[in-house]
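All ligand and atom numbering here is 1-based and tracks the order in the structure.
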Amino acid sequence: MTPETLPRRTRGRPHDTLLSDVAYGLQPDVRMLPPKYFYDDVGAELFDRITTLEEYYPTRVEIEVLRRDLPDMARAIGPGVRVVEFGSGSGLKTRLLLSALDAPSTYIPVDVSAAQLQRVAAELRREFPAIPVQPLCADYMQPLRLPAVRPGTRTVAFFPGSTIGNLVAEQAAAFLRRTASECDAMLLGTDMHKPTPILERAYNDEAGVTAAFNLNLLTRIERELGAELRVDDWRHHAFYDEAAQRIEMRLVADADTTIVVPAGSETLRYEFAAGEWITTEYSQKYTSAGVRRLAVETGWRVDGEWSDDAGWFTVWLLTSTDRRSG
Ligand code: AVI
């Protein structure tokens, strides 16, 4: 089965625990795991390291764009908005945004990790005492229960980092459609299509941090599910699929190997021949026309587009066409 058919197969199915996603995803005709499972404590730390690597340009370039153009973005957004960030923005990008906006009314980080949210909330409350921080522990791929807001207050979503690119096309469209009904505007970061060598370098760093990030998924499955597997039998592989305009990350078996997963009274056994792989992540790269098309199709109007001089990364201001106040 090709990965493209996966969304159809999984549509409407409640694959939302590590065990159910692993049990489904390791089947011979699927061989794909959702990238959200990269981010346990070790994975989150490895990802932070990735963002500081010389080869991994997206974070650096997006910050460059934000530093240069946030005053313009903030003017276009206007005063007193409520900011909802998808993912718990502990980082520099959140701070830059909150500093640039004119008197934001509230900041709501949304994340599945309660511990991470508490940490972020405490830090930001200290740094921005005038901005109420209301963390929301939730999976932002599901409909959000945002707190009630004073009439007339606009809600602006912040989704930086090109995290949207880790969703397959159908999920990304569904996510954008849903948020267009929940939010009035969105600042969205997208990594742009560019020559293959630059992209492949970014996902195959010399120090092996991305490899460790990918392989940590197996360690997590071993530890959290009590699975029997040999991490040493697997290696990281990342390449740019030019036709699909996306990086594909895989775990490739270097030898014939088995993953055994205890599942209640059952024991699930998955055999892999040397050379077989599990797809662990797509990272979509975009064209300006592609983002514009996607935005319009999902209930948004493009009100701003800011890129670095080389056009490697773009931050978009989208306005919902699906909200009465939008
Ligand atoms: C979080 N996300 C946007 C990263 C990306 O570039 O797709 C995750 C990542 N995977 C490998 N390196 C970074």
Proximity flag Phe47 to ligand 1, non-hydrogen atoms under 4.0 Å: yes

Close approach, Pro58 and ligand 1, non-hydrogen under 4.0 angstrom: no

N or O contact, Thr163 vs ligand 1, cut-off under 3.5 Å: no

Identity and separation of the nearest protein heavy atom to atom 9 (C) of ligand 1: Glu281 OE1, 3.5 Å

Polar proximity ligand 1 side, Thr210 side, N/O cut 3.5 Å exclusive: no

Nearest heavy-atom neighbours spanning Ala253 and Ala273: CB-O, 3.8 Å

Phe272 six-ring face occupied by Arg31 cation (under 6.0 Å, within 45°): yes

Atoms of ligand 1, numbered as shown, that sit under 4.0 Å from any heavy atom of Tyr39: 1 (C), 8 (C)

Under 3.5 Å: N/O of Ser283 near N/O of ligand 1: yes

Contact check, side chains of Asp256 and Asp233, non-hydrogen atoms, under 4.5 Å: no

Tyr56 N/O under 3.5 Å from ligand 1 N/O: yes

Check: Ser288 and Trp316 side chains under 4.5 Å, non-hydrogen atoms: yes

Carboxylate-amine/guanidinium proximity below 4.0 Å for Asp309 and Arg68: yes

